[in-house]
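A short worksheet on the structure shown next.
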Number of protein chains: 2
Amino acid sequence: MYFYENFIFVTLSEEDYIKAIYHLGKTQTAAVSTNAIAKRMATKPSSVSDMLRKLSDKGLVNYKRYKGVTLTDEGIATALNLVRKHRLWEVFLVDKLEFTWDEVHEVAEQLEHIKSEKLIDKLDQHLGFPEVDPHGDPIPSKNGEFKTSIKKLLKDLSIGTTGICVGVKDSSKTFLKFLDRKKIALGDEIKVLEREEFDGSLHIDIDGRDLHISKQIATNLYVKEV
Amino acid sequence: MYFYENFIFVTLSEEDYIKAIYHLGKTQTAAVSTNAIAKRMATKPSSVSDMLRKLSDKGLVNYKRYKGVTLTDEGIATALNLVRKHRLWEVFLVDKLEFTWDEVHEVAEQLEHIKSEKLIDKLDQHLGFPEVDPHGDPIPSKNGEFKTSIKKLLKDLSIGTTGICVGVKDSSKTFLKFLDRKKIALGDEIKVLEREEFDGSLHIDIDGRDLHISKQIATNLYVKEV
DNA sequence: ATTTTTATTTTGTCTAAATAAAAAAATGGC
DNA sequence: GCCATTTTTTTATTTAGACAAAATAAAAAT
């Protein structure tokens with residue numbers, strides 16, 4: 001074994017699997033199932049089984065047949081690096097190239113696979129070492145450290161505080177249309193003025209306008225506290 | 001045939017072949033040979049034959065067995081788009097991320113494959129619609145138009161004119177070491193003061209310093225006239 | 001005109017990744 | 001504890017791309 005060869009080459013599609021396992025694993029304590037991965041990646045369970053064996057051989061996942069899969073430390077590091085790259089590119093697209101929040105994902109999905117440590121370090125610096133992406137999700141540091149998410153539901157903001165609208169929980173057409181009519185858009189500054197006790201509805205100030213919105217709305221809007 | 005499906009999906013390695021054919025074709029009038037492509041791409045002639053047949057099926061090249069290959073209009077458009085993307089990314093890396101001229105190629109080689117028209121348009125705008133890359137090579141416009149190269153050899157500059165050092169013709173270690181000792185670097189502004197008739201050597205002003213360099217040196221340094 | 005050399009293509013294998021169909025293991029209900 | 005169902009794995013194929021060895025075409029030399 002050549003000691004200077006202690007890094008593993010990870011292919012593009014292996015990276016995609018690692019990311020899927022990482023994101024599925026976040027919301028649960030148990031190991032991630034083959035079917036769940038297949039569904040998320042729009043592929044077949046048989047393909048997933050195959051890949052899990054390979055990833056296991058490379059030491060990126062802990063895999064017990066029929067028992068689901070978890071990431072090893074190596075796998076977690078790989079995943080965090082991908083998340084870091086994805087989110088930094090998203091910041092770049094929005095801050096520097098004037099993309100809107102909803103256009104960035106597909107492109108960032110490609111850019112995150114570019115392999116160059118220097119590129120990412122320089123990009124990070126160029127962007128002013130941002131801590132969150134345009135959706136309010138935290139950007140892991142180079143060594144994999146994380147701020148806990150500062151993204152909250154609007155309904156959880158306390159009275160008097162201000163947040164910037166960074167995303168939606170319900171991304172259905174009807175909801176987006178509704179937001180459009182109410183002229184609520186990504187990036188808007190929202191200050192919570194008052195909460196009605198009996199129905200949980202909120203009085204808010206949004207870019208100078210006063211608005212009264214139902215609890216349901218406030219439950220489906222993500223904001224980033226400022 | 002669905003008329004809205006008039007674009008061909010080109011895979012990553014197809015793109016690499018197209019680029020190789022394009023660059024080899026520039027320097028010659030005849031069709032490009034299989035072996036030449038193989039040598040440039042560090043692959044085997046058999047692999048090239050295989051790929052040429054595929055590219056021909058897709059209408060990207062004109063291919064006659066044993067007779068070499070040329071790009072179709074479609075192929076040229078594809079190549080120019082790749083060159084455009086490659087060079088724009090190089091400008092980005094140098095202007096925005098402080099890469100040096102010699103570090104950009106490998107990364108740009110990856111970035112050029114990112115598929116998003118909007119991304120490139122926005123990047124172009126962000127960079128101020130540059131006409132040349134950091135090596136002084138021209139950047140094709142969106143519809144494939146080209147300024148002729150404004151890159152020259154230092155020896156071809158006329159007396160009194162100024163150029164910015166953008167590259168080397170001879171990239172041997174000895175030459176690069178020599179430049180280093182003489183403190184001649186990429187980006188330096190060089191003004192030609194005088195040319196000695198009998199040996200073609202040049203007196204130059206480089207960032208305020210006076211220097212006397214041989215014809216051989218002047219023949220291996222590229223400058224971009226200002 | 002024939003032979004030799006060189007360039008190119010064909011053929012058969014190989015690997016990575018995907019799929020469908022078949023087999024095996026796990027699980028929930030009784 | 002056993003059966004039916006669901007989940008997962010295995011096996012056999014497929015496709016894109018690459019390569020080595022063998023075959024063939026073109027060019028050069030005799």
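Letters A, B, ... are given to chains in the order of the sequence lines, protein chains preceding strands, and every chain is numbered from 1. Quick caveat, the model's predicted, so the values are computed rather than measured.
- K54(A) has no side-chain polar atom (N or O) that falls below the 4.0 Å cut-off from OP1 or OP2 of dA16(C).
- Set against dC19(D), dA18(C), dT8(D), the side chain of T43(B) has dC19(D) as its closest nucleotide.
- Residue S49(A) places at least one side-chain N or O under 4.0 Å from the OP1 or OP2 atom of dT9(D).
- One atom, CE of M41(A), and another, P of dA17(C), lie 11 Å apart when rounded to the nearest Å.
- Among the nucleotides dT9(D), dT9(C), dA17(C), the one closest to the side chain of Y63(B) is dT9(C).
- Note: CG (L12(A)) to P (dA16(D)) measures 18 Å, nearest angstrom.
- Rounded to whole Å, atom P of dT9(D) lies 11 Å from atom NZ of K67(A).
- Put simply, R65(B) has a side-chain N or O that comes within less than 4.0 Å of OP1 or OP2 on dT10(C).
- Crowding of K115(B) atom NZ: a count of heavy atoms from other residues, nucleotides or ligands under 6.0 Å exceeding 12.
- Cation-pi geometry between K152(A) and Y222(A) is not met: the NZ or CZ atom fails to fall both under 6.0 Å from the ring centre and inside 45° of the normal.
- Annotation: K26(B), atom NZ; neighbour count of heavy atoms from other residues, nucleotides and ligands within 6.0 Å is above 12.
- Here S46(A) lies in heavy-atom contact (under 4.0 Å) with a base.
- Rounded to an integer number of Å, the gap from CD1 of I18(A) to P of dA17(C) is 12 Å.
- More than 12 heavy atoms of other residues, nucleotides or ligands sit less than 6.0 Å from atom CD of Q28(A).
- Screening R87(A), R84(A), K85(A), K19(A) against E112(A) for a salt bridge (Lys or Arg N to Asp or Glu O under 4.0 Å) leaves a single residue, K19(A).
- Here the nucleotide nearest the side chain of T34(B), chosen from dA18(D), dT19(C), dT8(C), is dT8(C).
- Between S13(A) and L52(B), the residue anchored closer to the 5' end of DNA chain C is L52(B), taking for each the nucleotide with the nearest heavy atom.
- Rounded to an integer number of Å, the gap from Y66(B) OH to dA7(C) C1' is 8 Å.
- Contact between the side-chain N/O atoms of S47(B) and the OP1/OP2 oxygens of dG17(D) is not found at any separation under 4.0 Å.
- Residue Y17(B) contributes atom OH, which lies 9 Å from atom P of dG17(D) at whole-angstrom precision.
- In this entry the distance linking CG of D16(A) with P of dA16(C) reads 17 Å, nearest Å.
- Put simply, CE on M51(B) is 16 Å from P on dT15(D), counting in whole angstrom units.
- Comparing dT8(D), dA17(C), dT8(C) by their nearest atom to the side chain of N35(A) picks out dT8(D).
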